[in-house]
2 protein chains.
Amino acid sequence: MPAEAPSRGPGRDIPEATVARLPVYLRALTALEERGIGTCSSEDLAAATGVNSAKLRKDLSYLGSYGTRGVGYDVDYLRYQIAREIGVTQDWPVIIVGIGNLGHALANYSGFRSRGFRVVALLDAAPERHREQVAGLPVRPFDELEDIVDQQQVAIGVIATPAVAAQDVADRMVASGITSILNFAPTVLSVPDGVDVRKVDLSIELQILAYHEQRKGAPEEGGQRPSRRAGTAAGVTA
Amino acid sequence: MPAEAPSRGPGRDIPEATVARLPVYLRALTALEERGIGTCSSEDLAAATGVNSAKLRKDLSYLGSYGTRGVGYDVDYLRYQIAREIGVTQDWPVIIVGIGNLGHALANYSGFRSRGFRVVALLDAAPERHREQVAGLPVRPFDELEDIVDQQQVAIGVIATPAVAAQDVADRMVASGITSILNFAPTVLSVPDGVDVRKVDLSIELQILAYHEQRKGAPEEGGQRPSRRAGTAAGVTA
DNA sequence: TAGATTGTTAATCGATTAACAATC
DNA sequence: TAGATTGTTAATCGATTAACAATC
């Protein structure tokens, strides 16, 4: 029978909630390093990231024991260990499909490179966009997807198309070998097992804020309209 | 002694995980309505949103009993009830601060209006941007923040500035009366109690995908480099 | 009535957190 | 040694889900 996977240490099975926080710690450690700080305690890092320090220590314990009791963590060492765990000690090639307003913004985002990603191609189905040059890259026909993914060994794709196109783009991405998708289109994508999709949705974030905002306006009793409110009635079509 | 808050019904205390899914249901119901579908079961809606149907029914049960056993849910009625619960039966006025690439994209995003939001002002600290007109709105000096928030009764602000400016912008927003912030800048904001902040972070989403991608590359044993990988070593500074 | 589907229960699972022994 | 801080335990909390009685 196969050996048990290690329950801890630089091994497997980090909880999803922890995985989602590791990039936050990584960013904070980089900021500390840039300020010339060589060592920090779990309290320091917790304060910088807005996380409970016990939770932070538990999170780090899934990676291994990289701290020193009574002293704290070596900033650079811990930063490297987290980067290694996430898998961003080298750059991942990424493509962006859909070079409208949002695609432009994503292509020009300078933070990718220093955080483990490199935009290797921009694609768009509209021929009139193929004349453009965005962030130093040509906008290429969508049909070149398979070639690009194959040649550059791309595993991660970003969808910034309108909602109607998103499922088709995702299908083509999956068929071409992409196994991780970051979706900015407001649609639920269906993909086969083994393909990861994460979704960023503007309206949903705002609606979550609106829910809480509404509650603030009327702290007592239900059904109350929020006070901080202007504007006319409008057909909500979410 | 005060009466107990209702544990269910059109009242208080919807779990956060449920609140985050309500906008997803709302969008799916709108899509069903546009397709002319009048009634749907929890299975239908679950399939459309990628949520377990038991979870969906439990989520809806926090709002009240809006379904009919043996029949399902009236699409339009349920849609309205969810919109009311979220608080988007009318438009919320929203301002965007920082009109760079991303701010442009957000200002031009057409989905806001139909989902309960109305962009009432664009602000930027750089004087050279004050000549511009974006999405039919003038880009106004950041100093006008207080006046705009006050006059338009703005409760929700969007930060699309560079990271260094974000905390200052947040402080000014809070001082001017804003109590909900959607933050696109890659910084942890500190705000007083009673102010809600939600964060959208590109690099973090990609890093979470990278973590799982790395695991796919090496299904057995730890420490393996992912296979689908190109590019050179680069200093990761997260 | 028979079939369908909701709303709810209760079991389970995963995440959070205070507390503290281990140890630098 | 005394003080500090990690790594871990165990209690608690919240979220998920299968199952099913209620009921259309």
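Quick note: numbers below take in every heavy atom, side chains included, and nothing from hydrogens, waters or symmetry partners. In what follows, every chain begins at residue 1, and chains take the letters A, B, ... in the order their sequences are listed.
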Check whether the side chains of B/Tyr80 and B/Arg84 place a donor and an acceptor atom closer than 3.5 Å, and report yes or no.
no

Given 3.5 Å as the limit, does a donor-acceptor pair link the side chain of A/Glu33 with the main chain of A/Val75, or not?
no

Nucleotide C/dG14, atom C1' - distance to NZ of A/Lys55 in whole Å
13 Å

Rounded interatomic separation in angstrom, taking CG from B/Leu63 and C1' from C/dT6:
14 Å

Just compare C/dT6, C/dT16, D/dT16 and give me whichever is closest to any side-chain atom of B/Arg21.
D/dT16

Return yes if some donor-acceptor pair links the side-chain N/O of A/Gln167 with the main-chain N/O of A/Ser190 below 3.5 Å, else return no.
yes

Round to a whole Å and report the spacing from CZ of A/Arg69 to P of D/dA2.
20 Å

Taken to the nearest whole Å, CG/B/Asp74 to C1'/D/dC24 is 15 Å

Would you mind telling me which of D/dG7, C/dT6, D/dA15 lies closest to the side-chain atoms of B/Ala17?
D/dA15

From the set D/dT17, C/dG7, D/dT5, return the single nucleotide nearest to any side-chain atom of A/Ser41.
D/dT5

Using Watson-Crick or G-U wobble geometry with both distances below 3.5 Å, tell me the partner of C/dA22, or none.
D/dT5

OP1 or OP2 of C/dA4 under 4.0 Å from side-chain N/O of B/Tyr73
no

Where the side chain of B/Arg57 is defined as all heavy atoms beyond and including C-beta, which of D/dT9, C/dT5, C/dG7 is the nearest nucleotide?
C/dG7

Shortest side-chain distance from B/Lys58, nucleotide among D/dT8, D/dT16, C/dA15:
D/dT16

Trace of the side-chain hydrogen bond (donor to acceptor under 3.5 Å, both in side chains) decision for B/Asp59 with B/Thr18
CA-CA 6 Å; B/Asp59 283 343; B/Thr18 296; 2.6 Å; yes

Whether A/Ser42 contacts D/dT6 is assessed here as follows: a side-chain N or O lying under 4.0 Å from the phosphate OP1 or OP2. Is that the case?
yes

Which residue, A/Glu16 or B/Cys40, contacts DNA chain C at a nucleotide closer to its 5' end, judged by nearest heavy atom?
B/Cys40

Within less than 4.0 Å of OP1 or OP2 of C/dA15, is there a side-chain N or O belonging to A/Asn52?
no

G-U wobble or Watson-Crick pairing nucleotide for C/dG14 (cut-off 3.5 Å, both distances):
D/dC13

Quick one: B/Tyr62 OH to D/dT16 P, roughly how many Å, whole number?
9 Å

From D/dA19, C/dT6, C/dT17, pick the nucleotide closest to the side chain of B/Ala54?
D/dA19

Starting from P on C/dA15, measure out to CG on A/Asp13 and report it in whole angstrom.
11 Å

How many Å lie between CG on A/Leu60 and P on D/dT6, as a whole number?
9 Å

Rounded to whole Å, the CD-P distance (B/Glu43 to C/dG3) equals 19 Å

Atom pair CD/OH of A/Gln81 and A/Tyr73 - distance to nearest 0.5 Å:
12.5 Å

